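For reference, the structure is listed below as C-alpha cells.
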Amino acid sequence: MKFSEKLGMQYNNKINEHLAFDDVALLPGRSDFEPSEADISVWITPEHMLALPFISSPMDRVTEAEMCIALAREGALGVLHRNCPTQVEVEMAKKVKREEISGIIRDPLTVTPDTPISTVIRIMREKNISGLPVLDRSGDLVGIITNRDVITANPDAPVSSEMTPKEKLVTVMEKEILHEGKLNTEKVKQLLHLHRIEKLLVLDELRKLTGLITLKDIKRLEDSPHVSRDAEGRLMVGAAISPFDHERAIRLDLVGVDILVIDIAHGMNINALKSVEKISKDVNAFIMYGNIATEEAAHEVITSDINNLASLRVGLGGGSICQTTQVTGVGLTTLSATALVADAVQEHDAHISVVADGGIRGSGDIAKAMGVGASAVMIGYLFAGTDEAPSEKVYIRGVPMKRYRGMASPSAIRERYAVDRYTRGTKRIAEGVEGMVTYRGSVRTLVRDLADALKAAYGYVGARNTKEMWEKARYAKRTWVGFREGLPHDIIPESHVQDMLDTL
Ligand code: XMP
C-alpha cells in the first residue's frame with residue numbers, strides 16, 4: 001500500500017486533501033510485545049544508525065556544538081546551523097568531533113606549570129570542569145591540577161606549586177583501554193578505584209597526552225548506552241550547507257562531518273540540484289537533500305547524480321516559525337508531504353531515509369510521521385526550549401522561556417549567511433517569524449521522554465520496529481469534535497481552581 005493512500009490521498013487531477021497531524025489519529029493494532037521492547041532505531045545513512053530517530057533543525061537558536069554533543073550522546077543527531085561564517089561552523093564541527101572518542105575526552109583543556117592558580121580557578125568555573133592536565137612548553141605531560149588542589153591555594157601561586165607532579169601521576173596507555181573504537185570501561189573503573197582518583201590521563205607510545213577520562217564520563221557512558229558514533233568512535237554530527245557553497249562543504253567534510261544537510265526551502269530548484277551534484281563529487285560525507293515536499297521532487301532527486309545521497313529532508317511551510325505558506329501561498333502539510341516522498345522512495349526501492357521536517361509539537365506527531373514512511377523527524381521548536389539550544393534563558397513574569405526564530409525571519413535575514421535558504425539575489429522577503437518558546441530543561445530528558453512515548457505508540461500500533469510501523473500504521477481522519485475528545489477535557493487544572501475561587 002502506498003503511504004499516501006493511508007491518508008486517503010488519491011492520484012487524479014482533482015485537488016487533493018492534505019491532512020495535518022491533528023487531522024488524524026493512529027489506529028490500534030494487535031500487539032504481542034511490551035512497548036519497552038519496541039525498537040525505534042533507524043538507519044539514517046547506509047553507515048549511520050540512530051538509536052533515537054530525532055534530528056535537530058539547523059537553526060541558529062537550536063543547534064550549535066552543545067546541542068549536537070548532547071543529542072549524539074543520547075543516540076540522536078544534531079545538525080549545525082550555517083547562519084555564520086564558514087570558519088565558525090567548521091569550529092563547531094571540530095568541537096563535536098573532538099569532544100570524545102568512545103568516552104575519552106580529546107584535546108582536553110590544559111595549562112602550563114607557570115599559569116597562576118587564579119586562571120585555573122576561572123577556567124574551571126567557566127568551563128564547568130574539575131581538573132586540568134599540566135603540559136610544559138614542549139607539550140610533555142608534567143602534572144595535573146584539580147579543584148581540590150586550588151580551593152585553599154594562593155591565587156597568585158603558579159600551578160607547579162600545587163599540582164600533582166609527574167612522578168605521582170596515574171596514566172594509562174590508550175591501546176590498553178581502547179579496542180576497535182570501544183572503551184574497556186571495566187578496566188578504566190578498576191584503575192580509577194585502585195588509585196582513588198576521578199581522572200585518568202591517557203597517553204600514546206611517545207607518552208604524549210591523547211586524552212582524559214573522568215569518572216563522570218564513565219558513569220554517563222554507562223547511563224547512555226546508545227551514543228551516535230562514526231566508524232572511528234567519534235560523536236556523529238550533521239552540518240547544514242547552502243547548495244551553492246562548495247567551499248563550506250569541502251571544509252566541513254575535511255573535519256569529518258557525517259552528513260551534509262542541504263539547507264534550502266525549495267529543493268526542487270534545479271540549479272540547486274545541479275550544484276549539489278557537483279559538490280557531492282568532492283566530499284566523502286553523506287548528503288541529506290532538501291527541503292522537498294512532493295513525489296515529483298523526490299523522483300527528481302533520487303534519479304539525480306548526487307553521490308552518497310542518503311536522506312531526503314521533507315517539509316514546506318509546516319514549521320512553527322514558518323510563514324512561507326502565508327506569504328507565498330505555497331505549502332504542504334508535513335504529514336502528507338512525508339507520505340508522498342516516502343512513496344517515491346519505496347517506488348524506487350531506494351535505500352534513502354525520509355526525514356519529516358517542520359510542525360512536530362510532541363511525541364504524537366512523531367509517531368504519526370513515522371507511520372507514513374519517515375525514518376526520523378527534524379525538530380526545531382521543541383529543542384529550541386532546551387538548555388542546550390544556543391540562547392539565553394529569559395524570565396517573563398517569573399516564567400522561564402527561550403528565544404526562537406525562523407531562519408528567514410527578519411532578524412535572521414539581517415545576519416545574511418542563511419539568506420539563500422529562502423532567497424537569493426535581491427529577494428529579501430521574510431518567510432519566518434520570531435518569538436519565545438517554553439523552557440523545557442535538558443534536551444537529554446526531553447528526548448528520553450519522546451523516545452518512551454514513541455515506543456508506547458509502536459506498542460499500540462503493534463509495530464515492533466520502524467519497518468513494521470511503516471507496514472502496520474493505519475489512520476483515521478478525525479472531526480473537530482473528535483480532535484477535542486482526544487485531548488484532556490472537562491477537567492479544571494488545580495492552579496485554575498484557585499484563581500476561580502479567588503474571583504468569586
Ligand atoms: P519546527 O516546527 O520544528 O520547524 O519549529 C522547524 C523547521 O522549519 C523550517 N524553517 C523555516 N521555514 N521559514 C520557514 O518557512 C523560516 O524562517 C524557517 N526557519 C526554519 C526548517 O525546515 C526547520 O527545520
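Any value given below was found using the heavy atoms of this structure, including those in side chains, with hydrogens, waters and symmetry copies removed. Counting from 1, the numbers follow the sequence of the chain as shown. These figures come from a predicted structure and were not determined experimentally. Start at 1 and go down the list; that is how both ligands and their atoms are numbered.
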How about I492: does its CD1 atom have over 12 heavy atoms from other parts shown lying under 6.0 Å from it? no
Would you say [X] and ligand 1 have an N/O pair spaced under 3.5 Å apart?
X	value
A408	yes
G318	no
G380	yes

Just to be sure I read this right, does ligand 1 sit under 4.0 Å from the backbone of [X], its side chain, both, or neither, counting only heavy atoms?
X	value
M59	side chain
N291	side chain
D357	side chain

Close approach, [X] and ligand 1, non-hydrogen under 4.0 angstrom:
X	value
G359	yes
F383	no
G317	no
R313	yes

Hydrogens and angles aside, do [X] and [Y] bring a side-chain donor and acceptor to less than 3.5 Å of each other?
X	Y	result
S320	R361	no
H48	D258	yes
E494	Q498	no
E64	H81	yes
D39	N465	no
D387	S442	no

Tell me whether the NZ or CZ atom of R440 lies within the 45° cone about the ring axis of Y381 and under 6.0 Å from its centre. yes
Suppose I only count heavy atoms of [X] and a 4.0 Å limit; which atoms of ligand 1 are within that range?
X	value
Y404	1 (P), 5 (O), 6 (C)
S320	1 (P), 2 (O), 4 (O), 5 (O)
T324	14 (C), 15 (O)
G358	2 (O), 4 (O)
Q323	15 (O)
I321	8 (O), 10 (N), 11 (C), 18 (C), 19 (N), 20 (C)
G432	13 (N), 16 (C), 17 (O)

Nearest 0.5 Å, what's the CD1-CZ distance between I101 and R106? 4.0 Å
Gap between atom CD1 of I40 and atom CG of L454 - 0.5 Å precision: 5.0 Å
For R229, is there an ion pair with E100 - N to carboxylate O distance below 4.0 angstrom? yes
